[in-house]
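These figures come from a predicted structure and were not determined experimentally. To find a chain, count down the sequence lines: A is the first, B the second, and so on, and within it residues start at 1.
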Amino acid sequence: MSKNLVIVESPAKAKTIEKFLGKDYKVKSSFGHVRDLAKKNFGVDIKNNFKPEYIIMPDKKKVIADLKKEVKNADTVILASDEDREGEAIAWHLFEVLKLKNKSTQRIVFNEITKEAIKNAVENPGSINFNLVNAQQARRILDRLVGFELSAVLWRKVRSKLSAGRVQSVAVRLLVEKEREINAFKSEEFYKVTGEFVSPEGDRSFKAELNKKLNTEKDVVSFFESLTNPEYYVFDVEKKPGKRSPSAPFTTSSLQQEASRKLGFPVNKTMRIAQKLYESGFITYMRTDSVNLSSLALKAAKEVVEREFGDKYYKKRIYKTKSKNAQEAHEAIRPTYLDKKSVSNTSDEERLYNLIRKRTLASQMTDAEFERTNVTVGIKGKDYKFTASGEVLKFPGFLKIYSDKTEDTLLPVLNKNEKLNALYLEATEQFSKPPARYSEASLVKQLEDKGIGRPSTYAPTISTIQARGYMVKESREGVKKKVKHIILKDGKIKVKNETKTFGTEKNKLFPTDIAMVVTDFLKDNFENIIDYNFTADVEKQFDEIAEGKIIWHKMIEDFYDDFHQKVENTIENAERNAGERILGKDPVTGKQISARLGKYGPVVQLGTSEDEKLKFASLRKDQHIENITLEEALELLENSGNGRLLGKDPVTGKNVYVRFARYGAVAQLGDAKSDKKPKYAGLLKGMNIDTVTLEEVLELFKLPRDIGTFEGKKVVAAVGRFGPYIRHDSKFVSLKKTDDPLTITIERAEELIKEKREKDKKRLIKEFKEDETVKVIKDRWGKPCIYFNKKYIRLSAKVKPEELTYDDCIKIAEKELGSTKKTKKTTRKTKK
DNA sequence: CAGTGAGCGAGCTTCCGCTTGACTT
């Protein structure tokens, strides 16, 4: 019988600790918070000193029931949640919910999971720190009040189901302001001038760059023309040593950034894989803001570095956190066993583990040492200079393990005043770059720098602002621009025109129109809440609560009085905000033209609500309320429903357009207005609305195409919502990337059909005579499920899929679909 | 798949942080 029950937050941690503590201790986990504010009435009694009403979170009912059983069997309950504000609150909530007694309850903390630290903690128990608990309650209640009241204002003034909050609204604001900076950015052209120089003997050569940017083609040409019989020489050679130090071990945020940069992982993928590594016992906890390594880890790092690389690579380093608002309840993210070089066979886990291991070891290694050489090339009688720099690694230090793309750039040995010849000079036209858009990881970094959000919320925050329609993550093709390339060789100047792509974006975050409208609205009415310093300001006050200097509900009251007044004012006075921008007047009808958010997205509108008849046209995907011009709006209204006119179909004589539709780019045969039913065809991958030709589009209208018969049934090739496919016997088979629906042969189609049948057979677990459309099959992830009414219903692990009968399946399906089916009202459609 | 867009207004939505599975098409 174990006499002591220890409760920690994470089950993986529980397992480890149980090993350290021996038979008298049972270690269980609370799985994080167990209680939260009720939803009704905000879960806060505003008139009664903001008294919170807590309820057990629905998904924790079972956890609590289990813990209650364990409590009954224990003499002493030891609350061992994390050593921070949230952890202290968890301990208190457990105390309350489990109805613990002061006498038989202890509170312990440790920030290192080692046998020594835990034994030490158990031997020195304390009690719950209520100041810290109150600081957490203040944090929670403030977030609830701000979140729910602001969201409710948005529902009334902008659009239903929107959200706002202390963290997410600032994240959205960052995206919006960056986007506007980029839009306002005026790109300037300039010329980068470089030359290749060579010693008179021809044995040593190097490239160097002019120390001055030239702005126009004219400047370049006159500079080149001024170089009649130029005398180049080595003006200066400078050598100096350089050093680079390793970075601190990983925190959640820095891990997300590096995994994004080096492995191309989105933040949620990084966290999912890190969680796996943690659960398998390979790394320490992955949600942390600490850069601290335990004494044990430091010792292990020393051993591994000295063994693998030798003494002169080891250097003990202690890092201090720089991030605001850090709670440091955990260690930095590091391997649990540093000498373990490899962990598993899935390559993503392996790669992330390797990154963590190398970063940890590197953090305890010596500096990398360089020798940097700067060479300046002069021209006799001119002020212009060319410069080149080279870097040679003298001692790798930590770079031995944590490389940062450092290649030696070698310069030849050169002597001051030595003569040089130029093989050629060249000038390439460049454009100054606008500020970089945020990626997921760089947005997280920005939030962390401002002390907003916590390690456990970075990834969820990104998902939330995306789910609310404030942001899209996209890759966009750059714009092709003509650039000039001017070359001076053998005293002759040549000008070449070249094409270069600028501004290509890969997996970047773009704020939507609704994000701009909401941000402006919040800025106008709740400036202080989405101020970048708001979190830092309230954090200061939470700290004072934690130190017992101020009373938590007084702090909330001070904040809320003012805040709530603003909420009331806004509801009363602010106009409904659809982000309307008046663009001007229609030169034909004289009616007003405006751009705003419509029910289905951004639109331009002809006329005002007083006018009899309004006309609308949706904005294209690449157009925004922010910056659409009157001319563009007129064009949209003019072509409303049509799009870019490509020409006429030679057969029917009808107009052919390409336009954006609900699910992507389509070609359209016939006018939306005059023709009853235009014919549509989805564009193929690689076709672009701006570049596709009439000929290519006319080909598309040949689809669906009969390609022959197979087993006595017709085979048809076409393009659908999910791409090109063939249909046979009312079954669909997707085409492979290399197949073209316009040219695919019946032979190839047969192959694909057979392949699909084979695949389906492997997926099939069971089918029924009663109804052919109901099956038990494996889903995309290989998990057994019921296929019913074109939907997949996942089976719980307890059910044996092979033993299911038809009736069982129907029962499960009805239960699942019935319970999740929401009473969705169909919008009434009226036709005038 | 390839249209729609006001207002009418019932009943819904929403926050941040701490944790894992269960879930996804």
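A:K13 has a carboxylate O that lies under 4.0 Å from a charged side-chain N of A:D82, or vice versa, which qualifies the two as a salt bridge. A:R166 and A:D143 are joined by a salt bridge, as a carboxylate oxygen and a charged side-chain nitrogen come within less than 4.0 angstrom of each other. A:E149 and A:K566 are not joined by a salt bridge, as no carboxylate oxygen comes within less than 4.0 angstrom of a charged side-chain nitrogen.
Heavy-atom minimum distance, A:I141 versus A:I556: CG2-CG2, 4.3 Å. Contact record, A:I283 with A:A274: CD1-O, 3.5 Å, taken as the closest heavy-atom pair. Heavy-atom minimum distance, A:P741 versus A:A718: CB-O, 4.3 Å.
At a threshold of 4.0 angstrom between heavy atoms, the contacts of A:A164 are confined to the sugar-phosphate backbone, with no base atom among them. Base engagement by A:V603 is indicated by at least one non-hydrogen atom pair under 4.0 Å involving a base atom. Across all strands shown, A:R166 has heavy atoms under 4.0 Å from sugar-phosphate atoms exclusively, and none from any base. As judged by a 4.0 angstrom heavy-atom cut-off over every strand, A:M57 is placed among the base-contacting residues. A:F42 comes within 4.0 angstrom of no nucleic acid atom, judged by non-hydrogen atoms across all strands. A:G87 comes within contact range of no nucleotide atom at all, as no heavy-atom separation falls under 4.0 Å. Within the nucleic acid shown, A:R468 comes within 4.0 Å of sugar-phosphate atoms alone, with no base atom in reach, counting heavy atoms only. Within 4.0 Å (heavy atoms only), A:Y458 reaches no atom of the nucleic acid at all. A:G165 comes within 4.0 angstrom of sugar-phosphate atoms only, judged by non-hydrogen atoms across all strands, and of no base. Looking at heavy-atom distances under 4.0 Å, A:S81 makes no contact with the nucleic acid at all. Across all strands shown, A:S10 has heavy atoms under 4.0 Å from sugar-phosphate atoms exclusively, and none from any base. Within 4.0 Å of A:Q605, counting heavy atoms only, lies no atom of the nucleic acid at all.
Side-chain atoms of A:R140 lie closest to B:dC15 of the nucleotides B:dC18, B:dT20, B:dC15. Comparing B:dT14, B:dC16, B:dT13 by their closest approach to the side chain of A:D36 singles out B:dC16. The side chain of A:K60 lies closest to B:dT19, out of B:dT19, B:dC12, B:dT20. Listed nucleotides B:dT13, B:dC15, B:dT19 differ in distance to A:S456; the shortest reach to its side chain belongs to B:dT19. Residue A:S618 has its side chain nearest to B:dG5 when only B:dT14, B:dG17, B:dG5 are considered.
When rounded to the nearest whole Å, the span between CD1 of A:I529 and P of B:dC16 equals 12 Å. Look at CG on A:L150: it is 13 Å from C1' on B:dC16, rounded to the nearest Å. The separation between A:I141 atom CD1 and B:dC15 atom C1' is 13 Å, rounded to whole Å. The CD-P distance, from A:E448 to B:dC16, rounds to 18 Å in whole Å. Here the C1' atom of nucleotide B:dT14 and the CD1 atom of A:I571 are 14 Å apart, to the nearest Å. Rounded to whole Å, the distance from CZ on A:F526 to P on B:dT14 is 19 Å. With rounding to whole Å, A:L154 atom CG is found 11 Å from B:dC15 atom P. If you measure from atom CD of A:Q275 to atom P of B:dA22, you get 13 Å, rounded to the nearest angstrom.
Side-chain nitrogen and oxygen atoms of A:Q168 include at least one within less than 4.0 Å of the OP1 or OP2 phosphate oxygen of B:dC15. Taking 4.0 angstrom as the limit, A:Y278 places none of its side-chain polar atoms (N or O) nearer than this to OP1 or OP2 of B:dT19. At B:dG17, none of the side-chain N or O atoms of A:Q136 fall inside 4.0 Å of OP1 or OP2 (strictly under the cut-off).
Between A:H93 and A:Y54, the ring planes lie perpendicular to each other; the angle is over 60°, past the 30° to 60° tilted range.
A cation-pi geometry, defined here as NZ or CZ lying under 6.0 Å from the six-membered ring centre and within 45° of its normal, does not hold between A:R287 and A:Y278.
Map A:E9 and A:S151 each onto its nearest nucleotide of DNA chain B; the residue landing nearer the 5' end is A:S151. For the pair A:P460 and A:K39, nearest-nucleotide mapping onto DNA chain B gives the more 5' position to A:K39.
At a cut-off of 3.5 angstrom, the base of B:dC18 holds no donor-acceptor pair with the side chain of A:R287. Contact annotation: side chain of A:R454 to base of B:dC16, donor-acceptor pair absent below 3.5 Å.
Using a 5.5 Å limit on the distance between ring centres and a 30° limit on the angle between planes, the aromatic ring of A:F31 does not count as stacked on the six-membered base ring of B:dT19.
With P as the reference atom, B:dC8 and B:dT4 are 23 Å apart, rounded to whole Å. As rounded to the nearest Å, B:dT13 and B:dG9 have C1' atoms that lie 16 Å from one another.
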